[in-house]
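Scroll down for the structure; my scribbles are underneath it.
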Amino acid sequence: VAAPPDTLAARVLAGDARAIARAISQIEDGDHAGSGGAALVGALFPHTGRAYLVGVTGVPGGGKSTLVDQLIATIRAVGLKVGVLAVDPTSPFSGGAVLGDRVRMIRHAGDPHVFVRSMATRGHLGGLAGTTGDAALVLDAAGFDVVLIETVGVGQDEVEVAQTADATVVVLVPGTGDDVQAMKAGIMEIADVFVANKADREGIDRLVQSIEAALSLQPVVDGGWTPPVLKTEATTGQGVPELWETLCRFRDRSEALRAERRRTRAYARVSALTGDMLFARLQQALPAGALAQAAADVAGRRMDPYAAAHALVAQAVATRGGSI
Ligand SMILES: Nc1nc2c(ncn2[C@@H]2O[C@H](COP(=O)(O)OP(=O)(O)OP(=O)(O)O)[C@@H](O)[C@H]2O)c(=O)[nH]1
Ligand SMILES: [Mg+2]
C-alpha cells in the first residue's frame with residue numbers, strides 16, 4: 001500500500017525525523033474521532049507490525065533511563081535502528097525527570113538511526129496507553145527495528161503502557177523496599193524479564209532472591225517462559241548485552257505465543273476505543289449538563305448509580321430515535 005508521496009504519512013514511512021516528531025505530536029493532540037491522529041494511524045498501520053516493542057518499567061529512580069541509554073548502544077552495535085518513547089504519566093510538562101532522560105540520551109543525538117521522544121500526556125481519549133501505542137506505531141512504520149518504551153513509576157498507568165509492548169522489562173533496585181511495593185502494585189505479573197539494577201550496591205543478591213521467591217509462587221504461564229532475573233549495573237553497562245540477548249530469546253521463542261499476545265493487545269485496544277467512541281456519542285446525544293445532573297442525584301442519594309446510568313443511556317437512545 002503506497003501512501004501519496006507528499007503526505008505526512010509518506011514522509012514518516014521514508015524515515016524523516018521531523019515528520020516522525022510531527023506525527024507523534026498529532027497523535028498526542030488528537031482524539032479518536034477522525035482527527036489527524038486517527039487518520040494518520042490509518043495510513044501508517046498497513047506498514048507496521050515489524051518492530052520489536054520493549055517496555056521498560058519499574059521503580060522511580062531505578063536506573064531505567066540509564067539502562068535504556070545502554071540498550072540503545074547495544075542495539076545500535078548490532079546495526080539495528082532504535083526508537084525510544086520516554087513516558088511520564090505524572091507530569092503534563094517536560095519537567096525534571098523527562099528532561100533528565102533527554103540529557104542522558106544525548107550521546108545518541110547525532111545518530112540518525114536513534115529517535116528519542118518524551119511523552120507526557122494525560123486525559124486524552126484512549127488513555128496514555130493508547131497514545132503511547134499509537135506513537136510506537138509511528139516509529140514502527142518509520143522503520144525502527146526496536147522501540148523502547150520507558151515508563152516512570154509502578155501504578156496502573158504503567159501496567160497499561162507496559163501491556164502495549166511485545167516484551168516488558170521490570171527494573172528493581174536493592175535496599176529500598178520498592179520491590180515489595182512493585183509486587184503489591186501487580187507489576188510482577190507483567191514482567192517478562194526482571195532486571196535487578198545497581199548490582200554494585202549492597203543487597204543485590206537478596207533482591208534477586210526475593211524476586212525469585214515471588215516468582216516461584218506464581219503459576220507458570222505464557223508457554224512455560226519463566227521470567228529470568230538479570231543483574232545489571234546500568235552506569236557501566238555491565239549485564240546489558242545479556243539483557244538484550246535475553247530479550248531476543250524471548251522474542252524468538254514462539255511465533256504462536258507472539259501472535260496470541262498481539263491478539264490480546266488488539267482486543268484491549270479495540271474495546272477501549274469502542275467504549276470511548278460510544279461514550280462520546282452518548283454525551284453528544286444528551287443535553288448539556290445531563291451527566292452532571294445525574295451525578296448530583298447520585299451524590300444526593302436521590303438515585304442509585306445503576307438507575308442513573310440506565311436513565312442516561314435510555315434518554316440518549318430516545319433522543320437519537322433509537323440509534324446511537
Ligand atoms: N550505583 C548505581 N547507580 C545507578 C545505576 N544505574 C543508574 N544509577 C543512577 O541512578 C540514578 C537514577 O537513574 P535514572 O536512569 O534516571 O533512573 P530512572 O529509573 O530512569 O528514573 P526516573 O525516570 O526518574 O524514574 C542516576 O543517578 C543514575 O546514575 C547503577 O547500576 N548503579
Ligand atoms: Mg527515567
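Atoms within a ligand are numbered from 1 in the order they appear, just like the ligands themselves.
Among residues two or more places apart in sequence or in another chain, the side-chain hydrogen bond (donor to acceptor under 3.5 Å, both in side chains) test is passed with R281 by none. Under the side-chain contact (heavy atoms from CB on, under 4.5 Å) criterion, T236 pairs with E233, Q238, not counting sequence neighbours.
Only side-chain heavy atoms of D200 come within less than 4.0 Å of ligand 1; its backbone N, CA, C and O stay farther off.
Remark: ligand 1 and A234 share an N or O pair separated by less than 3.5 Å (distance only, no angle test). Below 3.5 Å of separation, one finds an N or O of G62 facing an N or O of ligand 1. The distance criterion of under 3.5 Å between nitrogen or oxygen atoms is met by N197 with respect to ligand 1.
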| said: Apply side chain to side chain contact (heavy atoms under 4.5 Å, CB included) to residues D145 and R50 and explain how you reach the verdict. | reply: CA-CA 7 Å; D145 303 289; R50 216 179 51 80; 3.5 Å; yes
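To the nearest 0.5 Å, atom CZ of residue R76 and atom CG of residue L71 are 14.0 Å apart.
At least one side-chain heavy atom of L282 sits less than 4.5 Å from a side-chain heavy atom of V313.
Taking all heavy atoms of S65, G239, A199, G63 into account, the minimum distance to atom 17 (O) of ligand 1 is reached by G63.
For a distance bound of 2.8 Å, the N, O or S atoms of T66 include none lying that close to the Mg ion (ligand 2).
In this structure, F250 and W225 have perpendicular ring planes: the angle between them is above 60°, well past the 30° mark.
With the Mg ion (ligand 2) as the vertex, atom OE2 of E150 and atom OG of S65 span an angle of 80° (nearest 10 degrees).
Ligand 1 lies within reach of E150, whose nearest heavy atom is under 4.0 Å from it.
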